[in-house]
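These notes concern the structure reproduced below.
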Amino acid sequence: MKEQLTDILQQCIQALQSEGHLPADISPQIKLDRTRDKQHGDFATNLAMVLAKPAGKKPRELADLIVAHLPASDVVENVEIAGPGFINFYLKAAAQFEVVSQVLEQGNVFGRHQLGNGRRVQVEYVSANPTGPLHVGHGRGAAYGAVVANLLEAIGYQVHREYYVNDAGRQMGILAASVWLRYLELCGETFPFPVNGYKGDYVLDIAATLHRENGDRMFHAWSEVSKGLPADAPEGDKEEYIDAVIERMKTLLHPDQHRLVFDLGLNYILDDIRDDLAHFGVVYDEWYSEQSLVDNGAVMRAIERLQKSDHTYEKDGAIWFKSSAFGDEKDRVLVRDNGVTTYFASDVAYHMDKLERGFDRVIDIWGADHHGYVPRIKAALQALGDDPSKLDVLLVQFAILYRGGEKVQMSTRSGEFVTLRQLRKEVGSDAARFFYVMRKCEQHLDFDLDLAKSQSNDNPMYYIQYAHARVCSVFRQLNEKGFSFDQQNGQSNLDKLTESHEADVLTRLSRYPDVISNAGQNHEPHQLVHYLRELAQDFHTYYNAHQFIVDDAALRDARLCLITAVQTVIANGLALLGVSAPESM
RNA sequence: GCGCCCGUAGUUCAGCUGGAUAGAAUGUCGGAUUCCGAUUCCGGAGGUCGCAGGUUCGACUCCUGCCGGGCGCGCCA
């Protein structure tokens, strides 16, 4: 519809140019919008106001010219000029009904586009360190990332979903040490647990598995382990202490044994995360290992490339990247004075690798606390001669949970936090998905647990799902009353849909494709959420105002076509959000 | 101190990439209704869009400076 009108305007401009009313050297971007107010017709364009200056005419005068030169159209009923020079289009009634047939014919692909033209885009999300279960903060990134990926796919991109597994860093060393120490406890040792160790219950579970499968094979007496170690906090430095523990563990255990403990912890937690996300409807094409970048030399290769292009220098025994030359606030260390590469070095290699894999676009979804990290990654890409504009980093703000109007405290103290799994158990995966993407990502999210759980119209997810279930219910009633639905008959009688409520639903339905392309291109799932709520509202209002199951077969079938279209669009939208569309509630 | 994000109705939020009289939901006040599924419908009140400038035919939207809130500023990951 929009395309047809844009075409008409395009032809009109060419006509005006050939007649000399408009300069020939301009090719204006035609902006045509749905009107906000019905009094302004169905579509409106500001073309006359935009072109007034280059044309050297008054906006309204130019609007007159444009309207006079508009080619005939079988969808336009009337055109009016209003306000400072808006051109408003009123569509013919038949054109309004078209959407119903479109939805019925296209079914679950209605609303999809080919805007992406099959270009390859990689979306990386969650990528939490595998050192413990996902908490509610990760949940938002998971839901948001999954929906952004779905939306991009819906507008014609070839999407690659990826989780970056930080399996190479110091944090993993701490985890392995924590597991081993808990194991020593299970072997009967008693000693103070490191202040900086991981203290969650899951560490005990992993240690128990280790003990069950290996007995006392990896046992070393605490006196042996602790011999000559620096003091832990508060007397000493907790970082220094834990590093010393990690080193001691490596000297006491055979490398194979150490590997075993390390992998047991890593795999246990990774399996847990995978399982958690799968139940949350969040899936990946690839779990990409940081360690693999170290092993296959990609990290060294990235550093060498930076060195060769003269973007590094040595200072205090470390190798630095001159990121400040590319807008970062300071330079960053790639290789520490002890010879170990930094996490940043891995990440440079990872992003280099992403672009080498040939993605046209790369999207990283990070927690907002990582925002300071963006400039240095972009700087690195630029220094490597890649195009940093191919990388979009979307920062997701924190979610704050509320229960009974009170903020739910999320303590960072020893192992106490609200996990994603706990949240899903409390409100269900559907509600969690829905509420997480209800706000744009840069907005802080107030997550109302009571509302998410409530089975009432105040709960927007319930309200939307209920609209879907209600359509299903109408069809069940239809059968009970001995009627059957003749879709063909309905489609040929759509002109019977003359009620204002029906017009509202029709208009709303026709907006769906625009909502998808907008939400997809701007990475804004919340637009879809708001749209679905509005559609549900239009439907419920319609439902309350009119009977669908009437004796007049033509009208009945037409109305059933309309509500089937509503049902389909709601199902399509919810599917993109990763929320179920129940047939009854 | 520097950087990023946010600031719109009592509350939670939209505002379609600069358009027409700033909209929903919820709460509140008034009225109607009890019908395919948890009632629903109609109406009222409620706003100096944080503040002050600037850009232009036009600014909630873009720019600058303040104010307030969140987050971040490691040879951690």
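A note on names: the letters A, B, ... follow the listed sequences, proteins ahead of strands, and every chain is numbered from 1.
In terms of phosphate contacts, Lys440(A) brings no side-chain nitrogen or oxygen within less than 4.0 Å of OP1 or OP2 of C5(B). Look at His370(A) and you won't find any side-chain N or O under 4.0 angstrom from OP1 or OP2 of G3(B). For Lys481(A) and C36(B), the shortest distance from a side-chain N or O to OP1 or OP2 is not below 4.0 Å. Between Arg556(A) and C36(B), a side-chain N or O to OP1/OP2 separation shorter than 4.0 Å is absent. Distances shown here put a side-chain N or O of Arg336(A) below 4.0 Å from the OP1 or OP2 atom of C76(B). Between Gln443(A) and A14(B) there is a side-chain polar atom (N or O) within less than 4.0 angstrom of OP1 or OP2. Dashed line: the shortest gap from a side-chain N or O of Asn196(A) to OP1 or OP2 of C76(B) is not under 4.0 Å.
For a distance-only test at 3.5 Å, the side chain of His444(A) fails to qualify as a donor-acceptor partner of the base of C6(B). Taking only distance into account, the side chain of Asn46(A) meets the base of G19(B) through a donor-acceptor pair shorter than 3.5 Å.
Judged by centroid separation below 5.5 Å and plane tilt below 30°, His40(A) stacks onto the base of A20(B). A20(B) has its base stacked against the ring of Phe86(A), the centroids being under 5.5 angstrom apart at an interplanar angle below 30°.
Between Phe321(A) and His311(A), the ring-plane angle classifies as perpendicular under the 30° and 60° cut-offs. Below 30°, between 30° and 60°, or above 60°: for Tyr436(A) and Phe447(A) the angle between ring planes is above 60°, a perpendicular geometry. Ring-plane geometry between His138(A) and His135(A) is classed as tilted, the angle between the planes lying from 30 to 60 degrees on a 0 to 90 degree scale.
With the 3.5 Å cutoff on both pairing distances, Watson-Crick and G-U pairs in RNA chain B assemble into runs of at least 3 at B:1-7 with B:67-73, B:10-13 with B:23-26, B:28-32 with B:40-44, B:50-54 with B:62-66.
Using a 4.0 Å heavy-atom distance criterion, Lys58(A) is classed as making no nucleic acid contact. Nucleic acid contact for His546(A): base, since at least one base atom lies under 4.0 Å from a heavy atom of the residue. When heavy atoms are screened at a 4.0 angstrom cut-off, Arg511(A) is found touching base atoms of the nucleic acid. As judged by a 4.0 angstrom heavy-atom cut-off over every strand, Ala82(A) is placed among the base-contacting residues. Residue-level contact check: Arg470(A) touches the backbone only, with heavy atoms under 4.0 Å from sugar-phosphate atoms and none from bases. Heavy atoms of Met438(A) sit nowhere under 4.0 angstrom from any nucleic acid atom. Counting non-hydrogen atoms under 4.0 angstrom, Asn88(A) reaches a base of the nucleic acid. Backbone-only engagement by Asp33(A) is indicated by non-hydrogen atom pairs under 4.0 Å involving sugar-phosphate atoms exclusively. Nucleic acid contact class of Tyr373(A) (heavy atoms, under 4.0 Å, all strands): base. Among the heavy atoms of the strands, none lies under 4.0 Å from His540(A). At a threshold of 4.0 angstrom between heavy atoms, the contacts of Thr541(A) are confined to the sugar-phosphate backbone, with no base atom among them. Heavy atoms of Asp316(A) sit under 4.0 angstrom from at least one base atom. Contact annotation for Ala168(A): no contact, since no heavy-atom pair falls under 4.0 Å across all strands. Among the atoms of the strands shown, only primed sugar atoms or phosphate atoms (P, OP1, OP2) are found under 4.0 Å from some heavy atom of Gln537(A).
Comparing the P positions of C4(B) and C66(B) gives a spacing of 13 Å, expressed to the nearest Å. A distance of about 33 Å separates the P atoms of U21(B) and G30(B), rounded to the whole Å. Taking atom P in both G18(B) and G72(B), the straight-line distance is 32 Å, to the nearest Å. Here, G10(B) and G46(B) have their P atoms 10 Å apart, quoted to the whole Å.
Counting only heavy atoms from C-beta on, Val50(A) has its side chain closest to G19(B) among G37(B), U26(B), G19(B). Residue Asp369(A) has its side chain nearest to G72(B) when only A14(B), G37(B), G72(B) are considered.
With hydrogens and angles disregarded, a donor-acceptor distance shorter than 3.5 Å links the side chain of Arg60(A) to the backbone of Gly83(A). Put simply, the side chain of Thr45(A) never gets that close to the backbone of Ile87(A): no donor and acceptor are under 3.5 Å apart.
Taking the charged nitrogens against the carboxylate oxygens, Asp557(A) and Lys496(A) have no contact shorter than 4.0 Å, which rules out a salt bridge. Between Glu124(A) and Lys354(A), at least one side-chain nitrogen of the basic residue sits less than 4.0 Å from a carboxylate oxygen of the acidic one, meeting the salt-bridge criterion.
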Discussion item. Using the rule given for side-chain contact (heavy atoms from CB on, under 4.5 Å), can you reason through Leu528(A) versus Tyr512(A), listing the C-alpha separation, both sets of side-chain angles and the distance that settles it, and then say yes or no?
Written reply: CA-CA 9 Å; Leu528(A) 177 55; Tyr512(A) 181 69; 3.9 Å; yes

Fill in: Worked check of salt bridge (Lys or Arg N to Asp or Glu O under 4.0 Å) between Arg332(A) and Asp347(A)
CA-CA 12 Å; Arg332(A) 308 291 171 180; Asp347(A) 226 9; over 6 Å; no

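If you take CZ of Arg533(A) and C1' of U12(B), they are 12 Å apart, rounded to a whole angstrom. Rounded to an integer number of Å, the gap from His530(A) NE2 to G23(B) P is 17 Å. At whole-Å resolution of the value, CG in Leu478(A) and P in G37(B) are 14 Å apart.
Glu290(A) and Ser346(A) share a donor-acceptor pair across their side chains, judged by distance under 3.5 Å alone.
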